[in-house]
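Here's the structure we're looking at; comments come further down.
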Amino acid sequence: MEGEPFLDLCHLTEVEQTVILSVLQRDAELRNKEEGRIQKLQQTVSDPVRLRSLSGAWFHEVRAKRYQKGGADVVHASIRHKRREKDIPLTAIFAEEKGNSSQLHEQQEEDKSTERELQENISVREDDNGQEEKEREKDGERLVQILMNGSLMSLYSVGDFGDVVVSGQILFSLQYDVKKEELHVHIIRCQDLAPARKNRSDPYVKVYLLPDNTSRSKKKTAVKRKTLNPVYDETMKYRVRRLDLQARVLSMSIWHMERMRRNLFLGEVEVRLAQWDWSQSQPTWHNLQPRVKLSPDDIISRGTILFSIKFVPPGSEGSGCPPTGELHIWLREIVGLLPTKRGAPSTYVKSVVLPDESGVSGQQTRVLRGSVNPVFNHTMVYDGFQSSDLIQACAEITVWNPHPPSCLGGVRLSTGSGVSYGQAVCWMDSTEDEISVWSSVIQSPNSWVDTSLPIRTNLQT
């Protein structure tokens with residue numbers, strides 16, 4: 001079998017490989033029936049062109065030019081090759097204590113009890129939000145294609161949050177590499193975890209950099225078998241700008257790995273990176289908490305907007321120019337926008353100076369497509385202001401998705417008093433950082449104020 005292609009299927013148990021082989025066996029039986037059908041056609045159809053079409057020979061000719069070996073043959077040969085290569089049951093690969101014969105016997109007994117379930121349900125999936133998705137694989141070629149494409153079947157479910165009373169701690173450290181713009185999450189160990197099954201747990205740690213809860217953000221440690229005090233010593237790395245960390249929440253959750261049932265939740269820790277002490281480089285212990293669902297106020301930002309702003313008083317440029325005061329907003333870029341499930345988002349930015357009863361002050365940039373760090377380099381100019389108007393006004397800058405039009409969030413620059421020209425208004429709700437920027441604009445006329453602010457999602461309307 002020298003020179004033939006093989007797949008690395010050592011991660012599959014013996015039972016799983018047996019199931020795959022049974023599917024391939026069904027495929028072989030169908031091939032035999034197809035050969036019989038073709039033989040009958042050869043005896044009854046004399047036109048070679050029509051015979052080529054009815055028999056499907058044209059398809060096999062095209063496939064032969066693309067692939068030297070069929071997908072089913074590769075999987076079948078890979079499994080047989082692995083069995084001859086190692087004279088041990090494949091179940092032993094999954095046992096970390098390979099020398100413990102009693103544990104290996106226990107694993108083999110579990111495999112026997114689940115073989116019938118595997119035969120009936122080959123693919124069981126469930127996403128990390130607890131929503132199950134089950135499908136039966138009845139077509140042998142579809143199964144082979146899934147394996148060949150690297151999308152291996154998951155034979156376990158995750159998302160059971162209520163069966164275990166949370167206990168224990170996790171030891172980790174956080175560091176930010178300024179040169180590489182990377183967040184390093186060093187997960188060292190856990191202690192005193194809750195037992196999941198038969199006074200034991202097979203724990204692993206799952207990490208997200210929220211509010212991105214997609215597969216792009218998800219990272220996992222190795223699974224440590226049969227321990228309540230696992231040692232990991234693994235580092236997760238995230239490419240993220242330092243400014244964007246202010247709006248992120250680091251979520252670390254511990255799970256017990258189940259092979260056929262739902263993974264069990266053992267606890268979690270959530271760190272608001274805006275409040276993290278980056279001078280602290282030593283690992284620290286943190287108590288695990290029960291499942292916590294973040295509220296909109298916890299995830300306050302979808303990215304960071306970088307811009308400069310200045311106020312030009314009337315007549316400050318000489319010769320009576322400008323005739324009225326002008327507010328200049330130089331929108332430079334946005335960093336760290338959250339990607340959607342379809343990829344990088346398309347965005348544009350709107351600005352308006354409130355109060356604006358007529359709506360004529362609204363301006364917007366062009367749409368930039370497919371970027372999590374769009375660069376606009378767009379200047380917006382508003383006139384008709386007196387210096388005293390700035391105390392009553394609010395410069396609102398919002399980020400939008402064009403299809404369909406929806407506001408992703410924004411910033412509001414004002415005094416934050418909640419009152420404009422004696423009237424209570426909801427849009428004078430600036431944060432402390434936004435108030436500080438606006439105060440600098442008022443106190444430093446004719447000077448650009450450079451700033452970066454989180455795009456908050458809790459704008460009152």
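Because only heavy atoms are used, hydrogens play no part in the values below, and waters and symmetry mates are left out as well, while side chains stay in. We number each residue from 1, following the sequence as shown.
- No side-chain heavy atom of Val231 sits less than 4.5 Å from a side-chain heavy atom of Ile188.
- For the pair Thr347/Trp400, no side-chain contact is recorded, criterion being any heavy-atom separation below 4.5 Å from C-beta on.
- Considering all non-hydrogen atoms of both residues, Pro283 and Ser173 come closest at CA-CB, 3.8 Å.
- In this structure the side chain of Leu228 never reaches within 4.5 angstrom of the side chain of Asn199, judged on heavy atoms.
- Taken to the nearest 0.5 Å, the CG atom of Leu171 stands 7.0 Å off from the OG1 atom of Thr284.
- Taking the side chain as every heavy atom from C-beta outward, Leu408 and Thr457 never approach each other to under 4.5 Å.
- A distance of 13.5 Å separates NZ of Lys40 from CD of Glu35, quoted to the nearest 0.5 Å.
- Checking Gln169 against Asn287 by side-chain atom types alone, a donor-acceptor pair falls below 3.5 Å.
- Under a 4.0 Å N-O distance rule, the pair Asp433/Arg456 does not qualify as a salt bridge.
- In this structure a side-chain-to-backbone donor-acceptor pair under 3.5 Å is present from Gln280 to Gln282.
- With a 6.0 Å cutoff to the six-membered ring centre and a 45° limit on the axis angle, Arg242 counts as a cation-pi contact of Trp278.
- Nearest heavy-atom pair, Gly370 versus Ser346, reported as atom, atom and distance to 0.1 Å: N-OG, 3.6 Å.
- By the 30° and 60° cut-offs, the orientation of the rings of His286 relative to Phe172 is parallel.
- At least one donor-acceptor pair under 3.5 Å links the side chain of Ser201 to the backbone N or O of Ala194.
- Considering only heavy atoms from C-beta on, Lys226 comes within 4.5 Å of Asp202 through its side chain.
- Using cut-offs of 30° and 60° on the angle between ring planes, the pair Trp255 and Phe265 is perpendicular.
- With hydrogens and angles ignored, the 3.5 Å screen pairs a side-chain donor or acceptor of Ser371 with a backbone N or O of Asn373.
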Practice problem: Assess whether side-chain contact (heavy atoms from CB on, under 4.5 Å) is satisfied between Trp276 and Leu250, documenting all intermediate values. | Solution: CA-CA 10 Å; Trp276 184 259; Leu250 184 69; over 6 Å; no

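- Salt-bridge formation is not detected for the pair Glu434/Arg412: no Lys NZ or Arg NE/NH1/NH2 atom is positioned less than 4.0 Å from an Asp or Glu carboxylate oxygen.
- With values rounded to the nearest 0.5 angstrom, Ser281 atom OG is found 11.0 Å from Leu174 atom CG.
- Atom OG1 of Thr227 and atom CG of Leu193 lie 7.5 Å apart (nearest 0.5 Å).
- One finds the OG1 atom of Thr221 at 14.0 Å from the CZ atom of Arg189 (value rounded to the nearest 0.5 Å).
- Although no hydrogens or angles enter the test, the distance criterion places no donor-acceptor pair under 3.5 Å between the side chain of His328 and the main chain of Ile309.
- Proximity of a side-chain donor or acceptor of Ser217 to a complementary backbone N or O of Leu209 within less than 3.5 Å is detected.
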Exercise. Could you please spell out the steps behind the side-chain contact (heavy atoms from CB on, under 4.5 Å) verdict for Leu453 and Phe307?
Key: CA-CA 9 Å; Leu453 293 171; Phe307 64 98; 4.0 Å; yes

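- Not a single donor-acceptor pair under 3.5 Å links the side chain of Tyr232 to the backbone N or O of Ala222.
- Of all heavy-atom pairs spanning Glu234 and Lys220, the tightest one is OE1-O, 4.1 Å.
- A donor-acceptor contact shorter than 3.5 Å is absent between the side chain of Asn401 and the backbone of Ser406.
- How far CZ of Arg31 is from CD1 of Ile38: 12.0 Å, rounded to the nearest 0.5 Å.
- Taking a cutoff of 4.0 Å between a charged side-chain nitrogen and a carboxylate oxygen, Lys350 and Glu396 do not qualify as a salt bridge.
- Nearest heavy atoms, Lys218 versus Tyr208: CD-OH, 3.2 Å.
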Exercise. Please assess Tyr348 against Val399 for the test side-chain contact (heavy atoms from CB on, under 4.5 Å), listing each intermediate value before the final yes or no.
Key: CA-CA 6 Å; Tyr348 65 97; Val399 183; over 6 Å; no

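- Taking 4.5 Å as the limit, some side-chain heavy atom of Ile305 sits within range of a side-chain heavy atom of Ile397.
- Between Lys219 and Met252, every side-chain heavy-atom pair lies at or beyond the 4.5 Å cut-off.
- Scanning all heavy atoms of the two residues, the minimum distance from Thr379 to Val381 falls at CG2-CG2, 4.1 Å.
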Indicate every side-chain donor-acceptor pair of residues 178-187 with a distance under 3.5 Å to a residue at least two apart or in another chain.
| residue | atom | partner | partner atom | Å |
| --- | --- | --- | --- | --- |
| Glu182 | OE1 | His184 | NE2 | 2.9 |
| His186 | NE2 | Asp233 | OD1 | 2.7 |

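- When all heavy atoms of Val349 and Met380 are compared, the pair lying nearest together is O-CE, 4.0 Å.
- With contacts defined as side-chain heavy-atom distances shorter than 4.5 Å, the pair Pro203/Leu266 qualifies.
- Without hydrogens or angle criteria, Ser452 side chain to Leu306 main chain gives no donor-acceptor distance under 3.5 Å.
- The residues Glu34 and Arg37 are annotated as salt-bridged, a charged nitrogen and a carboxylate oxygen being separated by less than 4.0 angstrom.
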Quiz item: When you look at Asn263 and Tyr204, which way does the side-chain contact (heavy atoms from CB on, under 4.5 Å) test go after all the steps?
Solution: CA-CA 10 Å; Asn263 292 350; Tyr204 68 95; 3.1 Å; yes

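- A donor atom on one side chain and an acceptor atom on the other are not found under 3.5 Å apart for Ser167 and Asp192.
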